[in-house]
Amino acid sequence: MGKLVNKIAVVTGAAQGIGARIVERLFVDGATIAALDVNLEKLQETVLQLDRSGERVFALQCNVSDREEVNAVFAKIYERFGKIDILVNNAGITRDAFFHKMTLEQWHSVINVNLNSMFYTCQAVIPNMRQQEYGKIVNISSSSSWGNMGQANYSAAKAGVIGLTRTLAKENGSKNITVNAVAPGHIDTEMTKTIPENIKMMAIMLTPAGRMGNPEEVASVVSFLSSDDSSYVNGECISVSGGYLMP
Ligand SMILES: NC(=O)c1ccc[n+]([C@@H]2O[C@H](COP(=O)([O-])OP(=O)(O)OC[C@H]3O[C@@H](n4cnc5c(N)ncnc54)[C@H](O)[C@@H]3O)[C@@H](O)[C@H]2O)c1
């Protein structure tokens, strides 16, 4: 029996990359999953590959930077399953530019998708989690939260994620809710495919593991933080960076 049998999980940004592998891992762990993404076509393809039976993974279109949409989709999930035990906030984008050239649109879009979205999704689940006295929230941050050239918007959002995580952990720990973050380093996904080869090589040189990470290596840590194996872990940010991040 998987450790997440009878648990209802929501994963955002689930159509590809790290999000898709998180859905896959929680599925193997036994959870029933509402998989959310703004790209419905890609999401449906992925969900079909992960759960051919269509019984435990459900695709729902949701732009997490739109509060109305988030509220409507989470209301649907509550209507269907009656509860949410696990929330994984994974959806994210980059719009890189040096700060002196960054447009207001680049700034706002990254803050909206990577940080404001977590205000919406967490507010949609925390009142119920407090009532049921059970909840696991995992927020995806990044090694860029320590600062990264060309990513003032992304770094600010991902550092904000850690502050939000710690505060929610303090506020809700007494209600048997844990809120933790995961900070991936350089992971091989669509997001990192556009990074120039020389920059990637430099990042790998600074990574003791000597390679990029796989999305599955992030998903296994999310699985741990989503289960009772981590019942006394709260307010942490765990780096999954092959040693790149040793603050
Ligand atoms: N790949 C890395 O090296 C790396 C490193 C650190 C952190 N991260 C973080 O991990 C998470 C996943 O990244 P990834 O590498 O898998 O990226 P990805 O681009 O492969 O996947 C991101 C997914 O999020 C979805 N998404 C984007 N905007 C959305 C929105 N408004 N609403 C709902 N869904 C939306 C996309 O459609 C896509 O399916 C992100 O939060 C990212 O910032 C990635």
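Please read all numbers here as calculations on a predicted model, not as lab measurements. Below, all heavy atoms of this structure are taken into account, side chains as well, without hydrogens, waters or symmetry copies. Whatever order the structure lists ligands and atoms in, that order sets their numbers, starting from 1.
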Students should be able to answer this: which protein heavy-atom is nearest to [atom], and at what distance?
atom                    : answer
atom 32 (N) of ligand 1 : V64 N, 3.0 Å
atom 34 (N) of ligand 1 : V38 N, 3.4 Å
atom 18 (P) of ligand 1 : Q16 NE2, 3.4 Å
atom 24 (O) of ligand 1 : G13 CA, 3.5 Å
atom 3 (O) of ligand 1  : I187 N, 2.8 Å
atom 17 (O) of ligand 1 : M191 CB, 3.6 Å
atom 1 (N) of ligand 1  : T189 OG1, 3.1 Å
atom 16 (O) of ligand 1 : I18 N, 2.8 Å

Task: side chain to side chain donor-acceptor pair (under 3.5 Å) between S155 and N148, intermediate numbers included - done: CA-CA 7 Å; S155 302; N148 199 21; 5.9 Å; no

State, yes or no, whether a side-chain contact exists between [X] and [Y] at a heavy-atom distance under 4.5 Å.
X    : Y    : result
D66  : Y120 : no
I140 : P184 : yes
K158 : W146 : no

- [ ] Given side chain to side chain donor-acceptor pair (under 3.5 Å), test N172 with R130 step by step and report yes or no.
- [x] CA-CA 7 Å; N172 298 288; R130 288 177 65 88; 2.8 Å; yes

May I ask you to list the atoms of ligand 1 that are less than 4.0 angstrom from any heavy atom of [X]?
X    : result
Y154 : 6 (C), 7 (C), 8 (N), 9 (C), 42 (C), 43 (O)
T192 : 1 (N), 2 (C), 3 (O)
C62  : 32 (N), 33 (C)
A15  : 39 (O)
I93  : 27 (C), 28 (N)
I140 : 9 (C), 10 (O), 11 (C)
G92  : 22 (C), 24 (O), 27 (C), 40 (C), 41 (O)

Open item on the list: Under 3.5 Å, is there a donor on one side chain and an acceptor on the other for T12 and N90?
Closed with: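 The answer is no; no qualifying pair exists.
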
Using non-hydrogen atoms of the residue, decide whether [X] is closer than 4.0 angstrom to ligand 1.
X    : answer
G185 : yes
T12  : no
M212 : no
S141 : yes

Task: Residues N180, E236; criterion side chain to side chain donor-acceptor pair (under 3.5 Å); working and verdict - done: CA-CA 5 Å; N180 291 289; E236 289 296 328; over 6 Å; no

Task: Euclidean distance, C62 SG relative to N39 CG, rounded to 0.5 Å - done: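 If we round to the nearest 0.5 Å, N39:CG and C62:SG are 13.0 Å apart.
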
- [ ] Could you grab the distance from atom CG of N214 to atom OG of S220, nearest 0.5 Å is fine?
- [x] 10.0 Å

Task: Selection from N90, N63, D66 by shortest heavy-atom distance to atom 11 (C) of ligand 1 - done: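 Ranked by closest heavy atom to atom 11 (C) of ligand 1, first place is N90.
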
- [ ] Give the single entry among N39, I195, D37 that approaches atom 37 (O) of ligand 1 most closely by any heavy atom.
- [x]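 Among N39, I195, D37, the closest heavy atom to atom 37 (O) of ligand 1 belongs to D37.
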
Salt bridge present between [X] and [Y] (N-O < 4.0 angstrom):
X    : Y    : answer
D37  : K42  : no
E217 : R211 : yes
E79  : K76  : no

Open item on the list: What verdict does the side chain to side chain donor-acceptor pair (under 3.5 Å) test give for N128 and Y134, after you've listed the backbone C-alpha separation in whole Å, the side-chain angles of each residue and the deciding distance to 0.1 Å?
Closed with: CA-CA 9 Å; N128 286 302; Y134 189 86; over 6 Å; no

Open item on the list: Checking contacts here: is it the side chain or the backbone of K158 that comes within 4.0 Å of ligand 1, counting heavy atoms only? Could be both or neither.
Closed with: side chain

